[in-house]
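Quick notes on the structure that follows.
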Amino acid sequence: MAKQLITLTVNGDEHEVAVQPYQTLLEVLRDELDLIGTKRGCTAGSCGVCTVNGEEGEAVLSCCALAVEWDGRTLTTVEGVQEGTELHPIQQKFLEHGAVQCGFCTPGLIMSAKALLDVNTSPTETDINEAMAGAICRCTGHIKVKIAIREAAKVLRERDSAAGVNHGAA
Amino acid sequence: MQLPEFEYLRPKSLEEGLAFLAEHGEDAKIMLGGSDLLINMKFRLDTPKYLVSFNALPELQAVTELPDGGLRIGAGCKLTQLADSELLKSRYPALHAAALSVGSKHVRNAATLGGNLCLDTRCWYTNQSENWRESRDGCFKTDNQLCHVIQSASKCHALNSSDTAPVLMVMDATVSLVSQAGERQVRMLEFYNDDGVEHTVLKPGEMLVSVTLPPPTGRAVYAKLAQRNGLDFASGTFAASIAGSNEKPTAVCLVMGSVGPEPRLLDSSAQLILASGLNDETIETAALAARASLGEITNLFSPSGYKRRLVKALIKDALLELRDQPI
């Protein structure tokens, strides 16, 4: 079948790319757009290393999404998380608290955590577990990951306070 | 794993979509969230020539409050939308719990109610990579007349793995099925077949477009047991509904999911509770009766002995919770 020209806005940049309908969002991000931060893991929706954030900031399993279904839409990958030349609080806390070992799942964990903290800077344990259940790590046992998320939440809460904004519990 | 090649169709209207389905028959598959279909395609369990995406139709995502106090939910509604719905949580808490129990938040952001109801049946034997399966004989689901799980079987025993189905059955919900030929309403209690291959009553060219819930009278409960709190398909699910008081119920419906090719109605246990009320004694007996009435339990995903013990425990805990719910 002839390729279809689609437009994807990734991390604020608009890209026009010719894709086959059977190319997943993951494949297009990595193989066509050279955004290799998002990883190929189980490719079956069970591990979360392919997680990107959709238009509402929601966690999207890019291995199970067709690129053609994302024509004209906006998404964020791990490459778009840092704040200028500064790390995002989530990234910073992951480093500070030993939540990164081999690092392979880290982009997926960060995007999953970001999907949570973007809408809820006061997550309960249940909220964190729910948001992160879909992103697994073979190295850390998840403990430091959760600590890092709680610490990042604190930073983001403080920012919200300073800005007079409330991203309270959902 | 990569997807096989296919042609992609994205109808702009339901009519256009149904025409595609009618035209291409077995060569076409419906896609909404794709969180089951795309994975099965990567495993080469499904290799449709055409993928018909119904995602350009916002009407399939509508949630409509009905004049009789019921609710109609579009097949395209994301499970995350249902999990976040305060309306659903307050009026239909069992369904809310079921939606929340599916997969992970990541999966629920893509997965739809329609997709969950039409989830393909699952089996440790068949839900493996093409490579793995090619080194062995096929089965009823693929290209052979045998079942690797129940050797003496004359049909497929793959499990219905929908978490929302058991709840919708005990609620006596109905689904709306449309095709080019027209529309029909089917009770959820009649939607599934006891066959791992032809597991729903959907005819070729037919699509499930909405689920209608009756007004929320009575009480209901849902329970799921899985290896982990997230991501896993159930080892067993249980849904129960009761109308009236615990002492004198007027209607009782119990359904066990993920233990057979179709969700299993636990009739004798329901009759027992209807006759003698919902109390410690009847709960104990009903749970035991359910375990016995399940008949052939496969060793799919868990040993069958474990499943039998699981059934009893799951049902007992859930019925105790139901009994203690305020009327």
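Residue numbers begin at 1 in each chain, while the letters A, B, ... track the order of the sequences. Values below: all heavy atoms of this structure, side chains included; hydrogens, waters and symmetry mates excluded.
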Winner by heavy-atom pair count (cut-off under 4.5 Å) against chain B, out of A:Q23, A:E27, A:E56: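 Between A:Q23, A:E27, A:E56, the count favours A:E27.
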
Is [X] close to chain B through its backbone or its side chain, or both, or neither, when contacts mean heavy atoms under 4.5 Å?
X	result
A:A135	both
A:C47	neither
A:I136	side chain
A:Q20	neither

More than 12 heavy atoms from other groups under 6.0 Å of [atom1] on [X]:
X	atom1	result
B:K29	NZ	no
A:E83	CD	yes
A:L95	CG	yes
B:D143	CG	yes
B:K89	NZ	no
A:E55	CD	yes
B:L87	CG	yes
A:E125	CD	yes

Residues A:E58 and B:K105 bridged, charged N to O under 4.0 Å: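 No, no charged N to carboxylate O under 4.0 Å.
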
Short side-chain donor-acceptor distance under 3.5 Å, A:E69 and B:Y8: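 Yes, side-chain donor-acceptor contact under 3.5 Å.
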
Test log, rule side chain to side chain contact (heavy atoms under 4.5 Å, CB included), inputs A:T24 and B:L38: CA-CA 10 Å; A:T24 61; B:L38 293 179; over 6 Å; no

Any donor-acceptor pair under 3.5 Å from B:N109 side chain to A:A59 backbone: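 Yes, because the side chain of B:N109 sits within donor-acceptor range (under 3.5 Å) of the backbone of A:A59.
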
Main-chain N/O of A:T43 paired with B:K42 side-chain donor or acceptor, under 3.5 Å: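 Yes, B:K42 side chain to A:T43 backbone: donor-acceptor pair under 3.5 Å.
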
For chain A, the option from [options] that forms the most heavy-atom pairs under 4.5 Å:
options	answer
B:N229, B:I39, B:D84	B:I39
B:Q2, B:R228, B:M1	B:M1
B:G230, B:G34, B:S53	B:S53

Per-residue contact mode, B:L100 against chain A (heavy atom under 4.5 angstrom):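 Side chain only.
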
Which atoms of B:M41 approach chain A - backbone, side chain, both or neither, heavy atom under 4.5 Å: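 Answer is neither: B:M41 stays 4.5 Å or more from chain A.
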
Which pair of heavy atoms, one from [X] and one from [Y], lies closest together, and at what distance?
X	Y	value
B:H106	A:S112	NE2-OG, 2.8 Å
A:Y22	B:P4	CB-O, 3.3 Å
B:S104	A:G134	CB-CA, 3.4 Å

